[in-house]
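I have placed the structure first, in the form of structure tokens, so that the comments after it can refer back to it.
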Amino acid sequence: MPVSQKTENCFIFALPMSAYDKIYAIVQQISYGRVATYGQVAELAGLYGQARLVGYALYQINTSASEIPWHRVINAKGEISYSSLRRGDDYLQRSLLEDEGIEFSQDGKIDLRRYQWQPENHI
DNA sequence: ATGTTGACCCCTC
DNA sequence: AGAGGGGCCAACA
């Protein structure tokens, strides 16, 4: 029984999903009080090397009242990615993370060794 | 149909 | 530690 290309790309999910849906599905799993990096989300979604796509996917949702914890995604340097395009949502992101007990260093960085989310191993 | 732009990442000086 | 460059690819003009 040959496996279709789409199914093969989608190692966690039974049905084919769009790249964005894969990204959202991963972000939804990030625990309270923890953070994941864009690259980490991409890789877990089966999109290795496409970290930029994660940023773009989150850009689509952060203004709407979404149940996706978009604020728990930061860059590989442990920083919030600031951009004027975000119209203040980047500053909101820091505030939301601090509300979850995450501490920032003086230069605005999060210690990934302390706060990075480790996904549960699935069988 | 190109060309440009990013909430990115990694490597090399 | 900071800059530069290549890779990535959907969205947009």
Side-chain angles (χ1 to χ4, degrees):
Chain A
M1 179 84 181
V3 180
S4 79
Q5 183 87 25
K6 283 183 178 176
T7 304
E8 199 174 334
N9 287 344
C10 208
F11 70 103
I12 299 178
F13 312 101
L15 297 172
M17 300 174 75
S18 75
Y20 281 15
D21 285 340
K22 294 182 197 176
I23 290 166
Y24 299 144
I26 296 296
V27 174
Q28 271 175 334
Q29 297 175 45
I30 305 172
S31 317
Y32 181 96
R34 316 236 80 180
V35 293
T37 69
Y38 296 98
Q40 181 186 6
V41 171
E43 187 166 358
L44 290 169
L47 302 165
Y48 175 77
Q50 300 180 48
R52 306 195 74 144
L53 199 55
V54 176
Y56 212 101
L58 295 182
Y59 177 75
Q60 314 284 3
I61 57 152
N62 66 2
T63 49
S64 61
S66 161
E67 296 171 17
I68 299 170
W70 53 268
H71 59 284
R72 297 187 188 134
V73 184
I74 63 175
N75 69 34
K77 292 178 291 196
E79 300 167 327
I80 287 168
S81 292
Y82 290 94
S83 164
S84 58
L85 296 173
R86 299 184 62 182
R87 310 192 176 208
D89 282 336
D90 39 11
Y91 293 94
L92 173 63
Q93 179 172 9
R94 171 162 180 153
S95 167
L96 289 172
L97 290 176
E98 286 176 331
D99 286 347
E100 298 191 0
I102 292 175
E103 296 174 8
F104 287 74
S105 69
Q106 200 130 34
D107 52 348
K109 290 192 182 180
I110 293 171
D111 184 354
L112 283 174
R113 292 188 305 182
R114 183 173 170 190
Y115 292 111
Q116 185 164 24
W117 170 63
Q118 300 298 130
E120 331 251 318
N121 293 334
H122 35 76
I123 316 123

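What you are looking at is a predicted structure, and each value in this text was computed from that prediction instead of being measured. We name chains A, B, ... by the order of the sequence lines, and we start the count at 1 in each one.
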**Report entry** salt_bridge(Arg114(A), Glu103(A)) N-O dist < 4.0 Å
**Finding:** yes
Report task. Measure from NZ or CZ of Arg52(A) to the centre of the six-membered ring of Tyr38(A) and say whether it is under 6.0 Å with the direction within 45° of the ring axis. Result -> no
Requested in this report: Give Ile80(A) one of three labels, base, sugar-phosphate or nothing, depending on what nucleic acid heavy atoms sit under 4.0 Å from its own.
Outcome: nothing
Query raised in the report: How close or far is atom P of dC9(C) from atom CG of Leu53(A), stated in whole angstroms?
Result: 9 Å
Query raised in the report: Touch check for Asp90(A), heavy atoms < 4.0 angstrom, all strands: base, sugar-phosphate only, or nothing?
Result: nothing
Query - Separation of dA7(B) C1' from Ile23(A) CD1 (nearest whole Å) - result: 12 Å
Query raised in the report: Taking OH from Tyr56(A) and C1' from dC9(B), how many angstroms apart are they, rounded to a whole number?
Result: 19 Å
Query raised in the report: When you check the side-chain N and O atoms of Glu120(A) and Gln29(A), is any donor under 3.5 Å from an acceptor?
Result: no
Query raised in the report: Do you know which two heavy atoms are closest between Leu112(A) and Ala76(A), and how far apart they sit?
Result: CD1-O, 3.5 Å
Query raised in the report: Does Ser83(A) make a side-chain N or O approach to OP1 or OP2 of dA7(B) shorter than 4.0 Å?
Result: yes
Report summary line: To the nearest angstrom, the NZ-P distance between Lys77(A) and dG2(C) comes to 10 Å
Query raised in the report: Taking the six-membered ring for Trp, are the ring centroids of Tyr56(A) and Tyr20(A) within less than 6.0 Å of each other?
Result: no
Query raised in the report: Does Tyr59(A) make a side-chain donor-acceptor contact with the base of dA7(B), cut-off 3.5 Å?
Result: no
Report summary line: With the side chain defined as heavy atoms from C-beta on, Ala76(A) is closest, among dC9(B), dA11(C), dA7(B), to dC9(B)
Query raised in the report: Given atom CD of Gln50(A) and atom C1' of dA10(C), what is their separation to the nearest angstrom?
Result: 10 Å
Query - Lys22(A) NZ - dC9(C) C1' separation (whole Å) - result: 14 Å
Query raised in the report: Can you check the Leu112(A) CG to dC10(B) P distance for me, whole Å?
Result: 11 Å
Report task. Using a 4.0 Å heavy-atom cut-off across all strands, classify Tyr20(A) as base, sugar-phosphate, or nothing. Result -> sugar-phosphate
Requested in this report: Please determine, for the side chain of Asn75(A), which listed nucleotide (dA11(C), dC9(B), dG7(C)) has the closest atom?
Outcome: dC9(B)
**Report entry** Rounded P spacing from dG5(C) to dT4(B) in Å
**Finding:** 16 Å
Requested in this report: Figure out the OH/C1' separation between Tyr48(A) and dG7(C), and round it to whole Å.
Outcome: 11 Å
